[in-house]
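Worksheet: the structure to be examined is printed underneath.
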Amino acid sequence: MGLLDAINPLGELGVDVLACGPAASRRCPPRKTLRTKGRSPITVVVDRADDVRYTRTMLAAHHPAAGRVVVHPTVGGGDRLLWHDVMHAVADGRPLRACSCAARGNTSAQERSARAALNAAAVRQLTVLRAHRIGWGVWADLVAVHRTTGTDVTVVHHAELPADLVHLLRHCDHRILTSHAAVRALHPPAQSSGESWADGRHR
């Protein structure tokens with residue numbers, strides 16, 4: 001999703017959402033008018049204490065063959081690399097198709113490639129960790145992926161939600177989870193043999 005693409009049925013633009021800020025809250029349409037028919041709300045996990053149990057639970061659920069993908073973004077990689085990380089997580093160790101193009105492309109090109117990878121792999125659930133480090137534009141793009149594809153997106157914020165992000169979330173149908181029990185229920189452990197993706201990632 002580019003910042004000039006409409007992100008809801010009212011035709012509101014991504015740039016409008018990112019620029020309005022809390023000061024413009026009274027001008028925002030009610031959340032119920034921004035829902036996408038037939039889609040569940042996007043899930044935001046708020047891990048205020050950056051509890052390692054949350055991260056371990058979600059990484060242990062990574063199972064692309066079952067349609068569940070968990071992404072631990074490249075540390076310090078910036079927004080441009082997030083979509084490449086998504087494609088790597090979907091590939092789960094298999095060679096990426098056109099990976100050099102994805103690595104060189106701009107953020108919009110990478111997002112399109114990631115969408116194609118999610119669709120091709122029939123990913124039902126995409127969880128993005130460390131989302132307190134990504135920019136507002138990528139948050140808006142992840143919301144758009146959730147709203148316009150068959151992939152349910154969970155975004156994990158390992159800190160208190162800042163006011164601007166709370167305001168951004170008012171523009172979409174969402175639910176917030178804060179308990180470890182709720183995270184476990186949403187992320188059952190992968191039933192696979194051998195070394196898990198989480199083990200290989202954190203050597």
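A donor-acceptor contact closer than 3.5 angstrom is absent between the side chains of T149 and N119. With no hydrogens or angles considered, a side-chain donor-acceptor pair links D92 and H62 at under 3.5 Å.
For the atom pair L82 CG and D141 CG, the distance stands at 9.5 Å (nearest 0.5 Å). Within the model, atoms NE2 of H187 and CG of L177 stand 9.0 Å from one another, a figure rounded to the nearest 0.5 Å. With values rounded to the nearest 0.5 angstrom, E111 atom CD is found 10.5 Å from M87 atom CE. Distance OG/S179 to CG/D51: 11.0 Å, rounded to 0.5 Å.
H88 contributes no side-chain N or O that, together with a main-chain N or O of H84, makes up a donor-acceptor pair within less than 3.5 Å. Y54 contributes a side-chain N or O that, together with a main-chain N or O of H180, makes up a donor-acceptor pair within less than 3.5 Å. Q125 places a side-chain N or O within 3.5 Å of a backbone atom of L186 that can act as its donor or acceptor partner.
Summarising the geometry of A61 relative to V70, their closest heavy-atom pair is C-CG2, 4.4 Å, with the distance given to 0.1 Å.
Applying the side chain to side chain donor-acceptor pair (under 3.5 Å) rule to T43 yields the partners R175; only residues at least two apart in sequence or on another chain are considered.
When each of V71, L129, V128 is checked for a side-chain contact (heavy atoms from CB on, under 4.5 Å) with D85, only V71 meets the rule.
Between W139 and H157, the two ring planes are tilted [angle within 30° to 60°].
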**Request:** Could you walk me through whether T151 and H146 pass the side chain to side chain donor-acceptor pair (under 3.5 Å) test, one step at a time?
**Result:** CA-CA 6 Å; T151 301; H146 177 86; over 6 Å; no
**CA sep, side-chain torsions, deciding dist, call: I42, D173, side-chain contact (heavy atoms from CB on, under 4.5 Å)** = CA-CA 7 Å; I42 188 171; D173 195 16; over 6 Å; no
**Asked** Could you go step by step and tell me if R39 and D152 meet the salt bridge (Lys or Arg N to Asp or Glu O under 4.0 Å) rule?
**Response** CA-CA 9 Å; R39 289 296 285 126; D152 288 336; 3.0 Å; yes
**Item:** Steps toward side chain to side chain donor-acceptor pair (under 3.5 Å) verdict (T127, R68)
**Value:** CA-CA 8 Å; T127 298; R68 298 197 308 270; over 6 Å; no
